[in-house]
Amino acid sequence: MTHVEDSTDSSDDDPTTGKGLFVEEDFDVDADVELGFEPAVSATGADPSAVKAARSRKPAVTSKRNSRRGLRRRLGAGAVLIAALVTMGGTYAAFATAGAPAATDNAADVAAGRQLYQTSCITCHGANLQGVKDRAPALLGVGGASVYFQVSTGRMPASGQGADQKRKTAKFDEAQTKQLAAYVQSLGGGPDLPSGSLRAGDIARGGDLFRLNCASCHGTTFKGAPLSAGKVAPSLNQATDEQMYTAMLSGPESMPIFSDNALTPTQKREIINYVQTLKVSKDPGGNGIDRIGPVSEALVFFIAGVGAVMAAILWIGAKSE
Ligand code: HEC
Ligand code: HEC
């Protein structure tokens, strides 16, 4: 065993022999990489000096210089290949998830939404969104986000009296839902629909935020759970990106409102990214690639790419023998 530290102290490192210099030079590449990794505090809680000692353990190399060089070159080529494949998959996923809903604010949408409101909502929520006593609350200031959530999940229009509305088949299509949202938004203001891609950032950070803010009610596996007083936090398995975002903005029933101060727009997107990605990777069906979405499609591209590279390597190997 030769240690990095040892080689600088030992008699081998005599600059006049040139041998010590050679050893040092050969080690420099590895030593730099390791310095970049040195944590201020050991994340594992292990004794830092023990960790350091373990890291500095190196095989004797002076007689194996060429084979190490070759190995490094091959590892380097592998890393480039993997980076290229990951980029390929990532780019595909980015393109495939583009096309999220735009904020609703144009006059034609407002006018169409007003029509729909007057036929389907007015009896409970009133002609001026002021609410109707013993029927339904006011909608002034709830915002387009709340309308989108309630209507797209089929909770509204309510099938009967009472506060406990469950998810059901939506009565209105996506365009009509946004028209209703635009109408309510235009009269009362409030949190509007988000725009752009609703997934972003780091999945691991999204996981932390989910466990901190959502898991107590919806469970760590998104299955949902009973709450006190006979209420239930539903499963998140059917929720789309838009429904998750607007649920956070509007806080239906006993769910809290997560304003942009509580969870920034980026943090909301990280949570969505986490939940939706895990839902896809948990999918037990395993059939019908078109059904389970862009992330798994990117994965298939990735696996197919790796397969092609393996085939090429085997072929080249066979030719050169
Ligand atoms: C049969 C009566 C009824 C009808 C019809 C109805 N609602 Fe409601 N709505 C309610 C009740 C009751 C609540 C309160 C439910 C709750 O607290 O979960 C509510 C709540 C809502 C909320 C949530 C408000 C908030 O505080 O965030 C929105 C948004 C909403 N309704 C929109 C609509 C729209 C849009 C329509 C028409 C497409 C509609 N409702 C039709 C009874 C109704
Ligand atoms: C205090 C408990 C509680 C917390 C915390 C909570 N929720 Fe909810 N959530 C609920 C309840 C209750 C409902 C059902 C509301 C209804 O039916 O009107 C709900 C509904 C939802 C829905 C609609 C699901 C569907 O398919 O209709 C989504 C999406 C959602 N929550 C996401 C979240 C996210 C994301 C977080 C964390 C940022 C979160 N919730 C935190 C209680 C909670």
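Whatever order the structure lists them in is the order used to number ligands and atoms, beginning at 1.
Counting heavy atoms closer than 4.0 Å to ligand 1, residue S250 contributes nothing at all. Counting heavy atoms closer than 4.0 Å to ligand 2, residue L209 contributes nothing at all. For V184, no heavy-atom contact with ligand 1 is shorter than 4.0 Å. Contacts between A247 and ligand 2 below 4.0 angstrom, taking non-hydrogen atoms only, involve the side chain exclusively. At a 4.0 Å heavy-atom cut-off, ligand 1 touches P137 through the side chain alone. Here F172 has side-chain heavy atoms under 4.0 Å from ligand 1, and that is the only part of it that gets that close. With a heavy-atom cut-off of 4.0 Å, K268 does not touch ligand 2 at all. Contacts of L116 with ligand 1, taken as heavy-atom pairs under 4.0 Å, are absent altogether.
Considering only residues two or more places apart in sequence or on other chains, N213 meets the side chain to side chain donor-acceptor pair (under 3.5 Å) condition with none of them. Qualifying side chain to side chain contact (heavy atoms under 4.5 Å, CB included) partners for L116, counting only residues two or more places apart in sequence or in other chains: F172, Q176, Q179, L180.
Backbone or side-chain N, O or S atoms of H125 reach atom 8 (Fe) of ligand 1 at under 2.8 Å. Counting backbone and side-chain atoms alike, Q165 contributes no N/O/S atom closer than 2.8 Å to atom 8 (Fe) of ligand 1.
Annotation: T153 places no N or O atom under 3.5 Å from an N or O atom of ligand 2; distance criterion only. Annotation: S146 places an N or O atom under 3.5 Å from an N or O atom of ligand 1; distance criterion only.
Proximity of S186 to R114: side-chain heavy atoms (C-beta onward) are nowhere separated by under 4.5 Å. In this structure the side chain of L187 never reaches within 4.5 angstrom of the side chain of N128, judged on heavy atoms. Within the 4.5 Å cutoff, the side chain of C217 has heavy atoms near those of the L227 side chain. When side chains are defined from C-beta on, R155 counts as touching R167, because their heavy atoms get closer than 4.5 Å.
Atoms of ligand 2 lying under 4.0 Å from at least one heavy atom of M244, given by number and element, are 29 (C), 35 (C). Against a heavy-atom cut-off of under 4.0 Å, L227 is close to the following atoms of ligand 2: 12 (C). Residue R135 approaches ligand 1 through these ligand atoms, each under 4.0 Å from one of its heavy atoms: 12 (C). Every atom of ligand 2 with a heavy atom of S254 under 4.0 Å away is listed here by number and element: 1 (C), 12 (C). Here is the list of ligand 2 atoms found below 4.0 Å of a heavy atom in A239: 29 (C). Residue E253 has at least one heavy-atom neighbour below 4.0 Å for each of these atoms of ligand 1: 18 (O). Interface atoms of ligand 1 facing A136, defined by a heavy-atom separation under 4.0 Å, are 10 (C), 11 (C), 42 (C). The atoms of ligand 1 that sit less than 4.0 Å from any heavy atom of V142 are 24 (C), 25 (C), 26 (O), 27 (O). Within the listing of ligand 1, atoms 35 (C) sit less than 4.0 angstrom from a heavy atom of V151. Counting the atoms of ligand 2 from 1 in the order shown, those under 4.0 Å from a heavy atom of V232 are 12 (C).
The residues K178 and D109 are annotated as not salt-bridged, no charged nitrogen and carboxylate oxygen being separated by less than 4.0 angstrom. The residues D260 and K268 are annotated as salt-bridged, a charged nitrogen and a carboxylate oxygen being separated by less than 4.0 angstrom.
For the pair F210 and ligand 2, no heavy-atom separation below 4.0 Å is found. Heavy-atom separations between Q238 and ligand 2 are all 4.0 Å or longer. Between N237 and ligand 2 there is no heavy-atom distance shorter than 4.0 Å. The shortest heavy-atom distance from K231 to ligand 2 is not under 4.0 Å.
Counting only non-hydrogen atoms, the option in P252, G154, P234 that gets closest to atom 14 (C) of ligand 2 is P234. When the heavy-atom distances from atom 21 (C) of ligand 2 to M248, H218, Q243, K168 are ranked, the shortest goes to H218.
Ring centroids of F210 and F222 are separated by less than 6.0 Å, placing the two rings close together.
Atom CD of Q118 is surrounded by more than 12 heavy atoms from other residues, nucleotides or ligands within 6.0 Å.
E174 and Y148 are linked by a side-chain donor-acceptor pair at a separation below 3.5 angstrom, with hydrogens and angles left out of the test. There is a side-chain donor-acceptor pair under 3.5 Å between S152 and Q243.
For the side-chain contact (heavy atoms from CB on, under 4.5 Å) test with L198, the passing option among I271, N273, D241, T246 is D241; the others fail.
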